[in-house]
Amino acid sequence: MALLTPLFAFLYHLPQVYKWLLKPYYVASLFMSVAFLAVRKTPGVCDHLDTQREDGNSCDFDWREVEILMFLSAIVMMKNRRAITVEQHVGNIILFSKVANVILFFRLDIRLGLLYLTLCIVFLMTCKPPLYMGPEYIKYFSDKTIDDELERDSRVTWIVEFFANWSPECQSFASVYADLSLKYNCAGLKFGKVDIGRYGEVSKRYKVSTSPLSKQLPSLVLFQGGKEVMRRPQVDKKGRAVSWSFTEENIIREFNLNELFQKSKQLNKTKEDKLSQSKFPPVPEEEEPEQQGDDGGHQQESESKKDK
């Protein structure tokens, strides 16, 4: 049963996975990941390659190439243990496959190694992973709007993601953050994002480093009343980020999203009540006629009749 559940989940999302993998970035990455395999196994091409096999078969892997591929598989398995999305799994496979291809091509022929390395550099500079374009309830800040928006209403709690488009971790986390915004966004709990790769002043102001070595991207910061309450990942005294997994379960638990959502819904109800009262003002009650005045009038009429 433990094996069937992931299999059924994969088959259920198979059309969406196919649609996602057919994007140009992943198609080109797939061809580059299997480049050495194609060169080594293509008849007419592999016949002219060098080999260290005892049988002299240049169209099959030698023992050193098998070791490199086995080492690659072990690294990918270790990295994917911490992956939380399909994008991260595929990204790790593509990344380490390209590294293995560089090593294998340089070992085979330095000219092929230089050619493949040049193609990787050109691909890295010209092709970017596709950004998440799904549904979300997220407000995007700039360097001029973030402070005003966070301090506008002290009753509103903000969860802000500091990200950069060039960061693979931020790109793979985009779908997780979007799902959280769809589930927990309300009048008193809102979600925001700011691209600190574009707005460098914001990164300095909120002390989020954009260096890949710092591992602070992405960073989630909780603001209440315009002031920072907590952030993940935490940063030690040396300015290095403490390792933390950006899974949906960890975020819900660490930021107490369920409790924050319940409290924030009360603010939503008060706003709705005020809005309904402003649209439909209370109807003033009609005053009842004074009985004494009416009785006095009847008495005057009866007295005038008696006088007549």
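Throughout, numbering of the chain's residues begins at 1 and tracks the sequence. Quantities reported herein were computed from a predicted structural model and do not represent experimental measurements.
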Is Leu104 reachable from Val45 through a run of I, L, V, M, F, W or Y residues, each pair having side-chain heavy atoms under 4.5 Å apart? yes

Can you check whether Phe163's main-chain N or O pairs, donor with acceptor, with Ser167's side chain at less than 3.5 Å? no

How would you list, by chain and number, every residue that makes a ring-ring contact (aromatic ring centres under 6.0 Å, His included) with Tyr177, sequence neighbours excluded? Phe173, Phe191

So CD1 of Ile159 and CG of Leu189: to nearest 0.5 Å the spacing works out to 5.0 Å

Let's go through Glu149 and Arg152 carefully: what are the C-alpha distance in whole Å and the side-chain angles of both, what is the deciding distance for salt bridge (Lys or Arg N to Asp or Glu O under 4.0 Å) to 0.1 Å, and is it a yes or a no? CA-CA 5 Å; Glu149 196 66 36; Arg152 178 172 298 179; 3.5 Å; yes

Determine whether Ser73 and Val76 make a side-chain contact, defined as any pair of heavy atoms from C-beta on separated by less than 4.5 Å. no

Donor-acceptor contacts under 3.5 Å from residues 34-41 side chains, at least two apart:
| from | atom 1 | to | atom 2 | distance (Å) |
| --- | --- | --- | --- | --- |
| Arg40 | NH1 | Asp50 | O | 3.3 |
| Arg40 | NH1 | Ser58 | O | 2.7 |
| Arg40 | NH2 | Asp50 | O | 3.4 |
| Arg40 | NH2 | Glu65 | OE2 | 2.5 |
| Lys41 | NZ | Asp60 | OD1 | 3.0 |

Donor on one side chain, acceptor on other, Asn258 and Tyr184, under 3.5 Å: yes

Side-chain contact test, heavy atoms from C-beta onward, threshold under 4.5 Å: evaluate it for Phe261 versus Cys186 and give yes or no. yes

Would you find a donor on one side and an acceptor on the other, under 3.5 Å apart, between the side chain of Asn101 and the backbone of Ser33? yes

Is it true that atom OH of Tyr25 has more than 12 heavy atoms of other residues, nucleotides or ligands lying nearer than 6.0 Å? yes

Test your reading of the model: is there a side-chain donor-acceptor pair from Tyr116 to the backbone of Met32, 3.5 Å cut-off? yes

If you take all heavy atoms of Ala100 and Leu72, which pair is closest and at what distance? CB-CD2, 3.8 Å

Would you say Lys190 and Ser181 make side-chain contact, with heavy atoms under 4.5 Å? no

Can a side-chain donor-acceptor contact be found between Thr247 and Asn250 if the only test is distance below 3.5 angstrom? yes

Name each donor-acceptor pair under 3.5 Å that joins a side chain in residues 215-227 to protein atoms two or more places apart or in another chain, with its distance.
| from | atom 1 | to | atom 2 | distance (Å) |
| --- | --- | --- | --- | --- |
| Gln216 | OE1 | Ser209 | N | 3.1 |
| Gln216 | NE2 | Gly239 | O | 3.2 |
| Ser219 | OG | Gln216 | O | 2.4 |

Is the closest side-chain donor-acceptor distance between Gln234 and Arg240 under 3.5 Å? no

Hey, is the main chain of Glu169 close enough, under 3.5 Å, to the side chain of Ser172 for a donor-acceptor pair? yes

Verdict with supporting geometry, Lys263 and Glu259, salt bridge (Lys or Arg N to Asp or Glu O under 4.0 Å): CA-CA 6 Å; Lys263 293 180 178 179; Glu259 182 179 352; 3.4 Å; yes

Please check if the side chain of Thr118 supplies one atom and the backbone of Leu114 the other of a donor-acceptor pair under 3.5 Å. yes

Check against salt bridge (Lys or Arg N to Asp or Glu O under 4.0 Å), Arg64 and Asp62: CA-CA 6 Å; Arg64 182 64 68 181; Asp62 58 38; over 6 Å; no

When rounded to the nearest 0.5 angstrom, what distance separates CG in Asp47 from CG in Asn57? 8.5 Å

Calculate, to the nearest 0.5 Å, the distance between atoms CD and CH2 belonging to Glu151 and Trp158 respectively. 12.5 Å

Heavy atoms of Ala241 and Pro233 approach each other most closely as CB-CG, 3.9 Å

Considering the options Val194, Asp195, Val202, which one meets the side chain to side chain contact (heavy atoms under 4.5 Å, CB included) requirement together with Phe141? Val194

Worked check of salt bridge (Lys or Arg N to Asp or Glu O under 4.0 Å) between Arg205 and Asp147: CA-CA 10 Å; Arg205 195 185 313 162; Asp147 294 334; 2.6 Å; yes

Please examine the side chains of Asn92 and Ile75, heavy atoms only from C-beta on, and report whether any two atoms are closer than 4.5 Å. no

Value rounded to 0.5 Å, distance of CZ in Phe255 from CG in Leu260: 10.0 Å

Are the side chains of Lys193 and Val160 in touch, meaning some heavy atoms are under 4.5 Å apart? no

Reported NZ-to-OG1 distance for the pair Lys139 and Thr145, which is rounded to 0.5 angstrom: 6.5 Å

Considering residues, nucleotides and ligands other than Arg198, do more than 12 of their heavy atoms fall under 6.0 Å from its CZ? no

So if you build clusters from Ile, Leu, Val, Met, Phe, Trp, Tyr with side-chain heavy-atom gaps below 4.5 Å, do Ile94 and Leu117 land together? yes

Kindly state whether the ring of Phe31 and the ring of Phe123 have centres lying under 6.0 angstrom apart. no

What is the distance from atom CZ of Arg231 to atom OH of Tyr206, rounded to the nearest 0.5 Å? 10.5 Å

